[in-house]
*Asks:* 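My questions will all concern the structure given below.
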Number of protein chains: 2
Amino acid sequence: MTDAFSAAAEPTRRRILQLLAARPRTVSEIAADFPVTRSAISQHLLVLASAGLVEAEKVGRQRIYRVLSSGLQDLQAEIDRFWTHELDELVADAHALRREDT
Amino acid sequence: MTDAFSAAAEPTRRRILQLLAARPRTVSEIAADFPVTRSAISQHLLVLASAGLVEAEKVGRQRIYRVLSSGLQDLQAEIDRFWTHELDELVADAHALRREDT
DNA sequence: ACAATGCGTTAGTCGTCACTAACCTATTTG
DNA sequence: CAAATAGGTTAGTGACGACTAACGCATTGT
């Protein structure tokens with residue numbers, strides 16, 4: 001799964017990215033925020049890393065994960081490429097309709 | 001898979017949404033743009049429909065699919081909720097770094 | 001040196017996804 | 001009415017994703 005969009009879509013990984021965006025964290029720190037095992041988190045991090053969204057820095061016996069801003073940029077570009085002008089116009093229509101309802 | 005984000009993330013469904021955003025289409029019209037069978041497309045449309053992203057209007061023996069702007073609005077909200085301020089700042093950093101490279 | 005800690009890795013399970021092939025139903029057309 | 005067309009439906013398959021349990025390997029602390 002090299003596709004950043006698909007990698008980031010998974011709910012657990014979405015939250016991991018948000019946590020890491022706030023500040024870099026160790027694996028255990030991240031895992032503490034989730035009901036699943038550390039192993040599961042570790043594997044999610046692997047997916048995110050292979051999509052170029054995070055990287056790990058080895059410090060002592062810890063691995064500090066951080067978001068890779070370059071990968072994040074790619075993700076944003078991918079989202080933007082998906083979100084065409086036509087899609088944007090349709091959302092604008094929805095807003096307009098809601099305004100008429102009042 | 002009720003989650004609009006996950007539903008929209010799948011590459012084929014992403015393209016289907018873009019096609020339908022440009023203009024409503026029949027199933028066969030959509031399927032013509034993909035290498036997979038009409039059945040596969042039909043199932044993708046079911047997923048999109050159950051996520052509230054598209055709807056079908058029955059006209060004669062055709063089914064004209066169109067994007068539901070309300071669902072699209074929800075999707076945008078979901079993406080925006082994911083894309084926190086912190087993530088945005090990191091992307092800004094990436095841009096700044098690239099500028100320094102020159 | 002030895003125990004504890006942090007984390008990656010692997011094997012295996014279960015569920016789900018994307019897909020095809022085949023079939024069925026409704027509608028239109030000759 | 002019969003053939004053709006549009007498309008939903010289902011069963012079955014292969015692959016893969018998310019997860020746990022168990023183990024292995026450094027690194028740190030006693």
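Just so it is clear: chains get the letters A, B, ... in the order the sequence lines come, proteins before strands, and each one is counted from 1. Computed from a prediction, not measured in an experiment: that's the story for all the values here.
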*Asks:* Do you know the tightest heavy-atom contact between B:Val54 and B:Leu45?
*Replies:* CG2-O, 3.8 Å

*Asks:* Round to the nearest Å and state the distance from B:Phe34 atom CZ to C:dC19 atom P.
*Replies:* 10 Å

*Asks:* Toward the 5' end of DNA chain D, which comes first, B:Arg63 or A:Arg61, by nearest nucleotide?
*Replies:* B:Arg63

*Asks:* Indicate whether OP1 or OP2 belonging to C:dG6 is found under 4.0 Å from a side-chain N or O atom of A:Tyr65.
*Replies:* no

*Asks:* What's the closest nucleotide to the B:Lys58 side chain, out of C:dC7, C:dT27, C:dC19?
*Replies:* C:dT27

*Asks:* Would you check if there is a donor-acceptor pair between the side chains of B:Gln43 and B:Ser39 at a distance under 3.5 Å?
*Replies:* yes

*Asks:* Which nucleotide span of DNA chain D, 5' end to 3' end, has atoms closer than 4.0 Å to non-hydrogen atoms of chain B?
*Replies:* D:dA4 to D:dT10

*Asks:* Looking only at heavy atoms, which two atoms of A:Ala94 and B:Gln73 are closest? And how far apart?
*Replies:* CB-OE1, 3.0 Å

*Asks:* Counting C-beta onward and ignoring hydrogens, is there a side-chain heavy-atom pair between B:Arg14 and A:Glu78 closer than 4.5 Å?
*Replies:* yes

*Asks:* Whole angstroms only, please: what is the CD1-P distance between B:Ile41 and C:dA18?
*Replies:* 11 Å

*Asks:* Select from A:Gln62 and A:Leu46 the residue whose nearest nucleotide in DNA chain C is closer to the 5' end of that strand.
*Replies:* A:Gln62

*Asks:* B:Ser39 near the nucleic acid: base, sugar-phosphate alone, or nothing, with a heavy-atom cut-off under 4.0 Å?
*Replies:* base

*Asks:* Hey, which of these two, B:Arg13 or A:Thr26, hits DNA chain C nearer its 5' end, going by closest nucleotide?
*Replies:* A:Thr26

*Asks:* With a 3.5 Å distance limit and no angle check, can you tell me whether B:Arg13 reaches the backbone of B:Ala7 through a side-chain donor-acceptor pair?
*Replies:* yes

*Asks:* Take the C1' atoms of the five end pairs on each side of the helix from C:dA1-D:dT30 to C:dG30-D:dC1, derive the two axes, and give their angle rounded to 10 degrees.
*Replies:* 10°

*Asks:* Think A:Arg25 forms a cation-pi with A:Tyr65, using NZ or CZ under 6.0 Å from the six-ring centre and within 45 degrees of its axis?
*Replies:* no

*Asks:* Strictly distance-based, threshold 3.5 Å: is any side-chain N or O of B:Gln76 a donor or acceptor partner for the main-chain N or O of A:Asp88?
*Replies:* no

*Asks:* On a plain distance test, is the side chain of B:Gln43 in donor-acceptor contact with the base of C:dC19 below 3.5 Å?
*Replies:* yes

*Asks:* Could you check B:Arg25 against A:Ala40 and say which one's nearest nucleotide on DNA chain D is further toward the 5' end?
*Replies:* B:Arg25

*Asks:* To the nearest angstrom, how far is A:Arg38 atom CZ from C:dG8 atom C1'?
*Replies:* 8 Å

*Asks:* I'd like to know if A:Arg23 and A:Glu29 make a salt bridge, using a cut-off of under 4.0 Å between side-chain N and carboxylate O.
*Replies:* yes

*Asks:* Check the phosphate of C:dA21 against B:Thr37, side-chain N and O only, distance under 4.0 Å to OP1 or OP2. Yes or no?
*Replies:* no

*Asks:* Are the charged groups of A:Glu57 and A:Arg66 less than 4.0 angstrom apart, N to O?
*Replies:* yes

